[in-house]
Amino acid sequence: MPAVVVVGTQWGDEGKGKATDHLGSDVDIVVKFNGGNNAGHTVVVDGEKYALHLLPAGILSKGVTPIIGNGVVIDLEVLFEEIDALEARGMDTSALRISADAHIIPSYNRLLDRTSEKFLGKRQLGTTGRGIGPTYADKMNRIGIRVQDLFDESILRQKVEGALLNKNHLFTKVFNKPKVDVDEVTRELLSYADRVKPMVVDGSLLANNALDEGKTVLFEAGQATMLDIDHGTYPFVTSSNPTAGGACTGSGVGPTRIDAVVGVSKAYTTRVGEGPFPTELFGAEGDELRERGGEFGVTTGRPRRCGWFDAVVSRYASRINGLTDLVVTKLDVLTGYQQIPVCVAYEVDGQRVDEMPLDQTAFHHAKPIYEMLPGWSEDITGVRSFDDLPEAARRYIERLEELSKCRVSVIGVGPGRDEVIVRHQFDL
Ligand code: GDP
Ligand code: IMO
Ligand code: MG
């Protein structure tokens with residue numbers, strides 16, 4: 001099974017980093033295909049915690065070539081900060097490769113992201129403020145700056161000038177900010193060129209050649225299905241396609257080459273930022289789940305909104321991504337609840353709805369219909385085989401599987417690389 005896509009099935013932070021890392025030892029290439037340093041993927045190896053933002057989780061596994069694909073947007077300052085921090089901890093990052101077609105997040109787009117959020121006031125989206133939205137907008141508007149532009153100073157200056165034509169009007173006349181200087185931005189970007197150059201490749205060629213040679217390529221998503229620009233809870237989404245289709249456009253590998261699509265899901269649900277979230281828990285109940293799960297953002301440190309497992313979302317993610325397998329993480333966090341509610345459908349304006357409502361207004365009004373499942377009290381963090389789980393925990397997983405219409409192949413029972421139960425081995 002040489003080409004495997006790993007995606008989030010909820011609103012992010014499902015444990016994609018850990019899932020990718022878990023598969024890492026059997027993989028030759030890990031391509032990150034979307035997003036940028038809005039992502040925060042935590043991987044715990046031998047008790048050491050690594051927080052990755054821009055780098056693919058494959059960077060932590062020996063013998064893996066990590067590629068930042070063309071679908072990613074790169075903040076060069078953050079890239080090198082992350083590389084230097086890993087090197088300082090004794091990790092070898094020399095295998096990292098970057099697609100020549102990936103777009104760069106210039107400093108003015110960080111400014112634009114933060115300023116436009118402020119101007120939106122009550123309507124703000126709660127973005128990470130990393131310049132993600134404006135950089136994808138520039139890509140679509142065809143005024144983006146790509147990695148390959150760093151190697152031709154005159155082209156780079158022209159492109160920066162072009163991008164700033166409209167933006168400087170916006171900064172000075174609407175946002176009351178100083179004009180952004182073309183030379184300064186160009187100089188700043190050029191300062192990274194020599195360091196970036198040896199890493200730059202045709203990412204599509206590298207990944208396809210590897211597949212031709214029978215090697216295994218893993219495609220790692222940032223964000224998640226419900227944050228997808230097309231299929232998520234628009235406008236409370238990110239600006240890329242974190243769903244399985246994005247793995248193809250964001251890497252230059254065709255859909256006929258993909259063998260498996262693995263969805264990562266928490267055993268409950270979390271969300272950061274604004275937007276609808278039907279199973280959200282408030283007050284003491286929400287605080288309890290947040291404390292148990294340590295649900296604070298890796299990127300912004302914001303407390304994550306917490307709620308019960310939503311099987312409508314999970315079924316939707318199975319369909320949108322064509323999932324072949326589910327990885328359910330953080331089952332250990334639910335230990336100690338007497339009963340665990342699982343949302344099986346919604347009630348919208350007095351009607352039962354079993355699938356994702358057609359329009360956003362209905363989703364905003366959706367009230368969860370819960371089924372109560374029995375909990376368990378035994379510590380499960382040391383369990384490594386499905387049969388050794390308490391009966392209620394097995395039933396919980398089997399019910400999630402039934403409701404999600406996708407088999408659960410791996411279960412997370414702790415943050416560590418090996419704290420997993422493998423039910424169905426991926427045939428890598
Ligand atoms: P990602 O963005 O999808 O990679 O997920 P994050 O790293 O942002 O958030 C997932 C958090 O859950 C991290 O702190 C992980 O270390 C942690 N984690 C992952 N799997 C498990 C698990 O099975 N049990 C527990 N207790 N923690 C887990
Ligand atoms: P990982 O990869 C959770 C959310 C932000 C905000 C919305 C738009 O760690 O799962 P953006 O800065 O992308 O324009 O913000 O998307 N968001 C995430 N939430 N996990 C992430 O990444 C996220 N990346 C973006 O909080 O609501
Ligand atoms: Mg995260």
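Just so you know, ligand 1 is whichever comes first in the structure, and atom 1 is the first atom listed for that ligand. Excluded from the calculations below are hydrogen atoms, water molecules and symmetry mates; all remaining heavy atoms, backbone and side chain alike, are included.
Proximity of Val413 to ligand 1, defined as any heavy-atom pair under 4.0 Å, is confined to the backbone N, CA, C and O atoms. When non-hydrogen atoms are compared, ligand 2 lies under 4.0 Å from neither the backbone nor the side chain of Asp113. Under 4.0 angstrom from ligand 1, there are no non-hydrogen atoms of Glu220. When heavy-atom distances to ligand 1 are checked against a 4.0 Å cut-off, Lys18 comes that close only through its side chain, counted from C-beta outward.
Here Gly40 reaches the Mg ion (ligand 3): one of its N/O/S atoms is less than 2.8 Å from the metal. The Mg ion (ligand 3) lies at 2.8 Å or more from every N, O or S atom belonging to Glu14.
Per-residue contacts place Ala39 under 4.0 angstrom from the following atoms of ligand 2 (heavy atoms of the residue considered): 1 (P), 2 (O), 9 (O), 22 (O).
Not close to ligand 2: Ser239, with no non-hydrogen atom less than 4.0 angstrom away.
In this structure, Arg304 forms no cation-pi arrangement with Phe296, as its terminal cationic atom is not both closer than 6.0 Å to the ring centre and no more than 45° off the ring axis. Both tests pass for Arg423 against the ring of Phe386: distance under 6.0 Å to the centre and angle within 45° of the axis. Taking the centre and axis of the six-membered ring of Phe309, the NZ or CZ atom of Arg399 falls outside the cone set by 45° and 6.0 Å.
Between Gly40 and ligand 1, at least one N/O pair is under 3.5 Å apart. Taking any N or O of Glu14, backbone or side chain, at least one lies under 3.5 Å from an N or O belonging to ligand 1. Annotation: Glu419 places no N or O atom under 3.5 Å from an N or O atom of ligand 1; distance criterion only.
The protein heavy-atom contact nearest to atom 7 (C) of ligand 2 is Val237 O, 3.9 Å.
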